[in-house]
Each structure stands twice: as C-alpha cells, then as structure tokens.
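Here the structure is a predicted model, which means the values were calculated and not measured. Throughout, protein chains are lettered first and strands after them, A, B, ... in sequence-line order, and every chain is numbered starting at 1.
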Amino acid sequence: MERIKPRTLSGFMELLPKQQVQFERMLESLRRTYALYGFTPLDTPLIEATEILLAKGGGETEKQIYRFSKGEADLSLRFDLTVPLAKYVALHAGELTFPFRRFQIGKVYRGERAQRGRFREFYQADIDIIGDGKLDLLNEAEIPSIIYRAFSELGLEKFCIRVNNRKILTGFYDMLGLNARAGEIMRTADKLDKIGAEKVEELLIADGVPLASAHEILGFIGITGSNEEILTALEKYRGKNETFDCGLDELHTVVKYLTAFGVAEDHFAVDLTIARGLDYYTGTVYETTMTDHPEIGSVCSGGRYDNLAEYYTDRKLPGVGISIGLTRLFYVLGEQGYLNDQLVTAPADVLILPMTDDLSTAISFATQLRQNGIRSQIYAEQKKFKAKMTYADKLGIPYVAFIGEDEITGGVVKIKSLATGEQVSLRPTDACTEIKKGLPTDGKPIREPEKRIEG
RNA sequence: GUGGAUGUAGUUCAGUUGGUAGAGCACCGGAUUGUGGUUCCGGUUGUCGCGGGUUCGAGUCCCGUCAUCCACCCCA
C-alpha cells in the first residue's frame with residue numbers, strides 16, 4: 001500500500017502531550033483571571049460568511065483571509081475575534097446587557113507566510129467591554145490592568161505594556177497638516193526602535209514629508225523618559241489642537257488609574273511610537289512585548305474603538321478590548337526555557353497493574369480511587385512487567401499499585417512510590433488516604449519559580 | 001507579494017576532488033518471566049524531498065519543481 005507521508009502544515013502548531021498540558025494550563029489561568037474581572041465567556045463560529053468578515057473591506061485582511069466556497073456559499077475562516085464579536089453584538093444587541101463584558105479564547109487564521117513566532121493558525125485570548133452609546137474612560141485603564149494581572153498569574157515578569165493614545169497622534173499630525181498621511185507616517189515612526197532615528201527620517205523624507213515636519217516628528221516620537229516626564233513634555237503641544245488636548249487628558253487619566261489598579265510602574269510605559277496594526281482604534285492603544293524578546297513583536301495589543309459594529313448596525317457601540325496572542329506567547333516562553341517539563345503533572349496519579357487474569361479487584365480499586373478524586377488508570381495490556389513499569393515512569397505517574405493473588409487474598413493493594421522506590425501493602429481505603437497525602441497540590445506556576453525576576 | 005538559505009533514519013545531524021550510506025538520541029530485544037529510572041550486551045531503522053540532465057558511476061555537479069526555515073511587508 002502506498003503510504004502518505006504525514007506532515008503538518010507550516011505555521012500550524014502541533015504540540016506533544018507535555019507541552020499541550022502546559023498550554024492548557026495557560027488557558028485555564030487566563031479563564032480564571034478574566035472571570036475574576038466579571039467577564040462572561042463567549043464562543044462564536046470558526047467559519048463565517050465572507051461578507052461578514054470582509055465588511056470593512058480592503059487591505060491586508062482580504063489578502064490573508066482563508067476563503068473558500070461550499071456549494072453556493074462564500075465562506076471564510078475568522079481572521080480575529082473582534083469582527084465576530086462585532087457581528088454578535090450587533091445581532092444580539094437587544095438581548096444583551098450593557099456594558100457587555102465578554103472574553104473569548106479561540107483559534108484564528110491568517111494566510112500569511114509563517115516564520116519565527118508567526119503562525120497561520122493561532123490562539124487569541126480576547127477581552128472586550130462594549131458600551132451602549134457611551135463607555136467610560138475608566139475601562140481604558142482597567143483593560144491593561146487585567147493584562148498585567150493575567151501575565152503575572154502566568155508567572156511572567158519580563159513584559160511591558162506600552163500605552164499611547166490615538167488622539168494624541170492624529171492631533172499632532174493634524175497640527176503639521178499631515179493628517180491625510182498619518183497612518184503611513186505612524187507605521188514608519190513605529191520602526192524607530194528597530195531601525196533608528198536617521199533611517200526613520202530618511203524614510204519620511206522619501207515619502208514626501210517636508211524636512212521641517214520630519215524634524216518635528218522625530219522630536220515628537222523621540223520624547224522618552226518616565227511616564228510623568230513624557231506627559232510633561234507633551235504639555236508644550238497643548239492648546240494647538242482640540243483632538244490632541246483631549247487625547248492628552250485621556251492619557252493622563254489612564255496613567256493615573258493604572259497606578260491605582262496596582263499596575264507596577266515598570267510594567268507599563270507611555271510610548272508615543274506604538275500605532276501599527278491598530279488602525280480601527282480611536283483612543284487609548286496598547287501593545288505588550290516581552291522585554292527579552294522584542295523582536296518577536298507584540299504578544300498582546302488592543303485599544304479603544306468608538307464604533308465596533310458600524311458595518312452591521314446603526315446602533316453606536318463604543319468599546320475597548322485587547323487580544324493576547326497566546327500561541328506566540330507560548331512560543332516565546334518555550335524559547336526562553338520558561339516552560340519546565342518538571343512542572344508538568346502526569347496524566348494520572350496511580351497506575352494499577354493487575355497480575356491476575358480476573359480484573360475485577362483492579363477495577364473496583366480504580367473506581368474507589370476515582371471516587372476519591374485520585375486520577376488512575378488500569379494497565380491491562382499483555383506486556384512484560386518491565387514495560388508496564390516503564391510506562392508509568394515515562395508518563396511520570398508517581399504511584400504504581402500491584403494487585404496480584406497475594407494482595408487479593410489479603411484484601412490489600414501494594415502501593416509503590418516511583419520516586420522513593422518504597423512499597424507498602426495497604427487496605428484500599430488506607431491506600432487512598434496515603435496516596436492523597438503524597439500528591440502535590442494544584443496551581444503550580446508555568447514558569448520555574450527560581451527563574452522569577454524580582455520586580 | 002519580495003529577497004536569502006536548507007531538504008540524508010522517528011529525531012538532531014555527519015558524509016572528503018563524484019566510487020551504490022553513518023553517529024548520537026529515541027525505539028526494540030536480552031542480562032532481569034512480581035518491580036522502573038542507572039549500567040552492560042545485541043538489533044532495526046533510509047525512494048538521500050520529487051522529476052530530469054551530465055557521467056562508466058550522483059547523497060555529492062547542473063536545471064526544474066515542491067516543501068521547510070529566515071528576513072522584508074504586515075501582524076498576536
């Protein structure tokens with residue numbers, strides 16, 4: 001028979017059991033954190049009608065979306081979780097209670113070239129708060145504080161949530177009379193860290209920005225320092241543009257509230273260069289990077305939008321949200337060696353090895369263990385003893401229970417701890433108690449504790 | 001979409017100016033049929049990505065093709 005060579009498509013992540021367990025732990029941690037802030041879970045279809053997903057039309061989305069037809073239907077895989085949310089909210093606006101706080105964790109698809117830290121299928125973990133007509137500025141500070149909490153709960157320390165305000169940028173470019181080209185200029189300005197000030201200036205001038213304006217722009221994006229220092233420096237532009245002034249006030253407030261929410265000063269930074277990929281945002285914008293791996297790019301970004309569902313409804317639904325690129329984050333953590341196999345718990349706590357043909361006693365014991373919340377499995381395969389022990393050893397199962405003729409006759413089970421090699425004969429009930437005592441408690445961090453950096 | 005690299009065992013890779021394939025790890029068996037990790041002994045891994053060309057002879061050189069990786073674009 002001609003065999004087909006098994007393969008996994010480029011840009012699609014497929015994990016082995018140990019890593020998958022770590023990934024699942026991340027998902028659980030995020031769900032817990034999100035729920036803690038009053039967000040309700042949401043799931044939407046992976047496939048939507050193309051007209052829904054491309055409502056906004058044009059650009060990168062159209063080039064990268066996975067699109068196909070089934071009969072007459074023109075269908076596409078979702079590109080992000082925000083557009084499906086917009087559709088959902090527009091469709092169910094009458095039945096939802098606002099402000100609507102939802103979280104959603106799911107896979108999204110982008111048909112672009114895969115590379116380091118960039119996938120074609122990846123998980124996003126989104127939270128959004130949608131208001132009906134209005135939405136208070138407080139939410140713009142709360143969202144990044146949730147990210148701070150979520151990352152901290154994951155055991156991460158070396159990250160920075162960078163904050164900016166779109167109104168400051170548009171206001172500023174308006175002052176220079178460059179608002180028509182603001183998007184393009186912002187993308188160039190965003191490369192400051194990567195290519196340096198001189199290159200940015202060259203690019204701006206090559207794009208036809210007047211020399212004087214280019215200088216102004218470099219002076220503006222070159223504003224650095226502590227959050228207070230940046231805010232103070234921005235004050236000198238006040239009074240020239242209404243939008244700018246509004247954005248500056250908002251940024252002041254967001255920074256103030258972020259501190260009140262308990263976000264450590266060194267984990268968020270006002271950064272006037274961030275703007276890319278955020279074209280539908282209208283106010284506060286966020287972008288989170290891993291301090292040790294800035295080249296991988298953003299692992300979490302989002303911001304404030306004034307009208308989420310404008311393509312689907314007349315109802316004005318402002319919102320603020322953020323999306324964690326979970327797959328990328330997991331990839332970065334793996335590269336940094338933060339995912340320690342030692343911390344992965346085995347799929348079971350006890351492996352039961354029946355030594356007799358009749359498995360009844362083993363089955364009863366397994367049931368008893370499970371009723372006591374002890375994860376167990378029976379290994380009944382006709383294999384050599386060595387192979388059975390090796391199985392437990394490879395999976396990291398901490399206890400093996402032997403049930404042979406002697407044990408059945410004596411009404412006991414023989415429990416062996418693989419870590420110490422000790423073994424004792426106990427009555428099944430006592431065995432449950434002893435095993436429970438020896439098991440580690442839940443809630444281990446994803447990261448090795450000793451690798452934590454003092455914050 | 002643009003540019004640059006790389007495809008050899010399950011995996012990571014070696015393979016000399018061209019002479020019909022090798023190592024570590026993994027896997028399987030044994031030392032050890034009711035006791036794993038360590039050790040020792042033995043064993044199997046293959047369309048050398050695919051197609052064509054040059055040559056007496058190609059894993060090696062040439063052309064094409066596909067795939068993967070890296071960078072750009074863009075993005076989580």
Side-chain angles (χ1 to χ4, degrees), chain A residues 2-3 5-13 16 58-65 78-82 105-126 147 159 183-184 186-188 190-191 194-195 203 274-280 286-290 293 295-303 321-332 346 351 353-356 379 382-408 413-425:
Chain A
E2 178 110 11
R3 289 257 152 62
K5 197 173 182 179
R7 67 192 183 106
T8 302
L9 262 23
S10 164
F12 289 73
M13 188 169 80
L16 289 169
E60 224 46 44
T61 312
E62 200 149 357
K63 275 193 271 177
Q64 298 187 348
I65 203 158
R78 65 188 179 198
F79 182 86
D80 62 16
L81 299 178
T82 307
I105 300 175
K107 283 176 172 176
V108 301
Y109 296 83
R110 295 186 191 178
E112 58 185 333
R113 274 242 161 75
Q115 55 182 272
R116 200 170 117 84
R118 161 175 297 185
F119 298 85
R120 286 177 174 156
E121 177 190 64
F122 58 96
Y123 275 91
Q124 287 196 327
D126 280 33
I147 294 307
F159 64 92
E184 181 193 339
M186 280 186 232
R187 268 197 294 278
T188 307
D190 185 43
K191 292 177 186 160
K194 210 168 182 177
I195 64 177
L203 285 173
I274 72 162
R276 61 198 263 219
L278 312 172
D279 38 303
Y280 48 80
Y286 327 97
E287 194 163 286
T288 304
T289 48
M290 303 305 291
H293 282 270
E295 79 284 356
I296 299 290
S298 176
V299 291
C300 172
S301 60
I322 204 161
S323 175
I324 298 179
L326 259 190
T327 304
R328 177 177 285 180
L329 181 61
F330 187 75
Y331 174 85
V332 174
L351 183 70
L353 301 188
M355 306 299 196
T356 53
Y379 195 114
Q382 296 300 309
K383 290 267 180 71
K384 292 219 167 109
F385 207 84
K386 179 177 170 155
K388 299 180 183 182
M389 290 301 289
T390 304
Y391 180 84
D393 196 43
K394 278 191 174 169
L395 293 186
I397 299 173
Y399 295 101
V400 171
F402 305 105
I403 300 179
E405 296 293 353
D406 296 350
E407 286 78 15
I408 293 172
V413 292
K414 189 173 277 183
I415 305 293
K416 174 175 176 129
S417 157
L418 289 203
T420 64
E422 288 169 36
Q423 54 188 51
V424 284
S425 289

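Take Y109(A) and apply the ring-ring contact (aromatic ring centres under 6.0 Å, His included) test, not counting sequence neighbours, and it matches no residue. Residues meeting the salt bridge (Lys or Arg N to Asp or Glu O under 4.0 Å) test with K107(A), sequence neighbours left out: E121(A). In this structure F12(A) satisfies the ring-ring contact (aromatic ring centres under 6.0 Å, His included) test with no other residue, sequence neighbours excluded. With sequence neighbours excluded, no residue forms a ring-ring contact (aromatic ring centres under 6.0 Å, His included) with F79(A). In this view, E184(A) satisfies the salt bridge (Lys or Arg N to Asp or Glu O under 4.0 Å) rule with no residue, not counting sequence neighbours. Taking F330(A) as the reference, F23(A) meet the ring-ring contact (aromatic ring centres under 6.0 Å, His included) condition, with sequence neighbours excluded. Not a single side-chain hydrogen bond (donor to acceptor under 3.5 Å, both in side chains) links T61(A) to another residue, sequence neighbours left out. In this structure, the salt bridge (Lys or Arg N to Asp or Glu O under 4.0 Å) partners of R116(A), at least two apart in sequence or on a different chain, are E295(A), E335(A). Among residues two or more places apart in sequence or in another chain, the salt bridge (Lys or Arg N to Asp or Glu O under 4.0 Å) test is passed with K191(A) by none.
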For every nucleotide of nucleotides 24-30 of chain B, 5' to 3': is a protein heavy atom under 4.0 Å from its base (B), only from its sugar-phosphate (S), or from neither (-)? ---S--S
B/S/- along nucleotides 65-73 of chain B (protein heavy atoms under 4.0 Å) is ---SSSBBB
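Atom CG of L329(A) is separated from atom P of A76(B) by 14 Å (rounded to the nearest Å). For I296(A) and C74(B), the CD1 to C1' distance is 15 Å, given to the nearest whole Å. Rounded to an integer number of Å, the gap from F402(A) CZ to U33(B) P is 15 Å. Spacing between atom CD1 of I65(A) and atom C1' of G1(B) amounts to 18 Å, rounded to whole angstrom units. Between K416(A) atom NZ and G37(B) atom P the separation is 10 Å, expressed in whole Å. Atom P of nucleotide G36(B) and atom CD1 of I415(A) are separated by 18 Å, given to the nearest angstrom. The CG-P distance, from L351(A) to G37(B), rounds to 15 Å in whole Å. What separates CZ of R328(A) from C1' of A76(B) is a distance of 5 Å, to the nearest Å.
Evaluation of atom-type donor-acceptor distances gives a pair under 3.5 Å for the side chain of E407(A) against the base of G34(B).
Inter-residue side-chain proximity for F122(A) and R328(A) is flagged as unmet; no heavy-atom pair is nearer than 4.5 Å.
When heavy atoms are screened at a 4.0 angstrom cut-off, Y391(A) is found touching no nucleic acid atom at all.
Stem regions annotated for RNA chain B: B:1-7 with B:66-72, B:10-13 with B:22-25, B:27-31 with B:39-43, B:49-53 with B:61-65, counting only runs of 3 or more consecutive pairs of Watson-Crick or G-U type with both contacts under 3.5 Å.
If you find the closest nucleotide of RNA chain B to S298(A) and to S417(A), the one lying nearer the 5' end belongs to S417(A).
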